[in-house]
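Quick note on labels: first sequence line is chain A, next is B, and so on, each numbered from 1.
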Amino acid sequence: MRRGALLPRGFYARPADVVARDLLGCVVEVDGPDGLVAVRVVETEAYAGEDDPASHAWRGRTPRSGVMFGPPGHTYVYFSYGMHWALNLVCEPEGRAAAVLLRAGEVVEGVELAASRRRPGTAMPRLASGPANLAACLGLDAASNGLDVTTTASRVRVRRGSTTRDDDVRVGPRIGISRAVDVPWRFRIVGDAHVSGAGRLNS
DNA sequence: TGCATGATGTTCT
DNA sequence: GAACATCATGCAC
C-alpha cells in the first residue's frame with residue numbers, strides 16, 4: 001500500500017477545530033509487538049483546553065492533562081470510565097492545552113491483529129467505531145501517552161491520507177460530554193459506515 | 001430497533 | 001465521595 005508523508009509538527013500547531021477538520025482522512029499507524037495496525041480517521045472532536053469546559057485541561061494543568069500543555073504533535077492517551085482508553089493528539093503551540101480526540105476510524109492495515117484485540121466476533125464497520133474501540137484496535141495504553149507522532153522513529157505516527165472535500169465533512173455537537181454540549185466541534189466524514197453511533201443517531 | 005443500565009478506576013472536589 | 005471525552009449487554013416494544 002502506498003503511504004502518505006508524515007504530518008509535520010506545524011500541522012498540529014493550529015487551533016484544535018482546524019486540526020480536527022484536517023485530520024479527517026489521515027492515517028494513524030501504531031507499531032506493536034505483534035505487528036502494525038493503521039487506521040484511517042473518519043471522526044474527530046476538538047477540545048480547546050483552558051477555554052473549553054469540556055476539556056480535561058479546563059481547570060488548569062494536572063498530572064493527567066499535563067501532556068496537553070506540551071508541544072503539539074504528541075499523543076495524549078487517557079483512561080476513563082475505569083475501562084476504556086482514548087487517543088488524542090495535542091494541538092496548538094506549547095503552553096496552550098488543546099487536543100483532538102480521535103473518535104472513529106477505518107482499519108486499513110493489520111485488520112486481523114486489530115480484531116484480535118477486540119472482543120471475539122467484532123468485525124469491520126464496528127472495529128474502530130468509537131474512541132475506546134479505536135484505541136483498543138491500535139493497542140494503546142498508558143505506555144503510549146506523550147509520544148511524538150511526527151517522526152518515523154516513533155511507535156505511533158500520523159500520515160497524510162486522502163484529502164477530504166468540505167462537502168463530505170459534517171460538523172455537529174460533541175458527544176458523551178456534559179459541559180459545553182452545544183459547541184459544534186465534532187467532525188466526521190458524511191456517509192462513512194465507520195463513524196461511531198452510526199446505527200443509533202444520524203444527524 | 002432502541003433505550004436503560006452495569007462494569008470499573010483515575011482524577012478532582 | 002462523585003464525576004467522567006464509554007461500551008456492550010439485556011430487555012422492552
Side-chain angles (χ1 to χ4, degrees), chain A residues 12 15-21 23-24 28 39 41-70 72 74-92 96-107 114-146 149 156 158 170-188 193-203:
Chain A
Y12 304 96
D17 53 328
V18 178
V19 177
R21 152 71 181 87
L23 230 30
L24 293 177
V28 180
V39 165
V41 177
V42 301
E43 183 175 356
T44 60
E45 278 179 8
Y47 286 89
E50 291 168 292
D51 298 330
D52 183 0
S55 169
H56 287 164
W58 181 45
R59 272 183 279 265
R61 186 175 196 139
T62 67
R64 176 170 67 163
S65 64
V67 209
M68 277 197 281
F69 289 84
H74 286 244
T75 57
Y76 166 44
V77 177
Y78 72 90
F79 195 57
S80 99
Y81 292 96
M83 54 180 77
H84 299 303
W85 295 97
L87 171 62
N88 299 249
L89 296 174
V90 178
C91 300
E92 303 203 4
R96 305 268 297 280
V100 172
L101 169 65
L102 271 40
R103 288 198 57 90
E106 169 190 5
V107 180
S116 73
R117 289 169 174 162
R118 305 275 280 105
R119 191 155 291 215
T122 311
M124 244 329 264
R126 279 286 162 89
L127 213 46
S129 167
N133 294 335
L134 181 80
C137 283
L138 295 174
L140 299 172
D141 56 21
S144 313
N145 192 27
V149 299
V156 183
V158 182
R170 175 77 36 104
V171 184
R174 293 174 292 185
I175 290 183
I177 56 176
S178 53
R179 301 169 185 278
V181 175
D182 46 354
V183 181
W185 273 352
R186 174 169 173 248
F187 301 84
R188 52 192 165 143
H194 309 276
V195 299
S196 65
R200 294 189 283 219
L201 28 112
N202 222 347
S203 54

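Classification of the A:H56-A:Y76 ring pair by plane angle, with boundaries at 30° and 60°, yields perpendicular.
The CG atom of A:N145 sits 9.5 Å away from atom CG of A:N88, with the distance rounded to the nearest 0.5 Å. Rounded to the nearest 0.5 Å, atoms CG (A:L102) and CG (A:L89) are 5.0 Å apart. Taking CH2 from A:W58 and OH from A:Y47, the interatomic distance works out to 14.0 Å, rounded to the nearest 0.5 Å.
For A:A132, taking side-chain heavy atoms from C-beta onward, the closest of the listed nucleotides C:dT6, C:dA8, C:dA5 is C:dT6. When distances are taken from the side chain of A:R118 to each of C:dA8, C:dT6, C:dA5, the shortest belongs to C:dA8.
When the P atom of C:dT9 is taken as reference, atom NE2 of A:H84 falls 11 Å away, rounded to whole Å. Rounding to whole angstrom units, CZ of residue A:R174 and P of C:dC4 are separated by 14 Å. If you measure from atom CG of A:L127 to atom P of C:dC7, you get 13 Å, rounded to the nearest angstrom. Summarising the geometry, the separation between OH on A:Y78 and P on C:dT6 is reported as 6 Å, rounded to the nearest angstrom. Following rounding to the nearest Å, A:I177 (CD1) and C:dT6 (C1') show an atom-to-atom distance of 13 Å. Look at CD on A:E45: it is 14 Å from C1' on C:dC4, rounded to the nearest Å.
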* When every nucleotide of nucleotides 8-13 of chain B is labelled 5' to 3' by its protein contacts under 4.0 Å (heavy atoms), B for base, S for sugar-phosphate only, - for none, what sequence of letters results? -> BBSSSS
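Side-chain N/O atoms of A:S178 include one lying less than 4.0 angstrom from OP1 or OP2 on C:dC4. Remark: A:R179 is not in phosphate contact with C:dA3, judged by side-chain N or O atoms under 4.0 Å from OP1 or OP2. Within the 4.0 Å cut-off from OP1 or OP2 of C:dA8, not a single side-chain nitrogen or oxygen of A:R126 is found.
Across all strands, A:N88 comes closer than 4.0 Å to base atoms (heavy-atom distances).
Stem regions annotated for DNA chain C: B:1-7 with C:6-12, B:9-12 with C:1-4, counting only runs of 3 or more consecutive pairs of Watson-Crick or G-U type with both contacts under 3.5 Å.
With hydrogens and angles disregarded, a donor-acceptor distance shorter than 3.5 Å links the side chain of A:S129 to the backbone of A:V195. In this structure, the side chain of A:S65 does not engage the main chain of A:M68 through any donor-acceptor pair within 3.5 Å. Side-chain atoms of A:T75 come within 3.5 Å of backbone N or O of A:G146 as a donor-acceptor pair.
Summarising the local packing, CZ of A:R117 is surrounded by more than 12 heavy atoms from other residues, nucleotides or ligands at distances under 6.0 Å.
For the 3.5 Å distance criterion, the side chains of A:N133 and A:R118 qualify, holding a donor opposite an acceptor.
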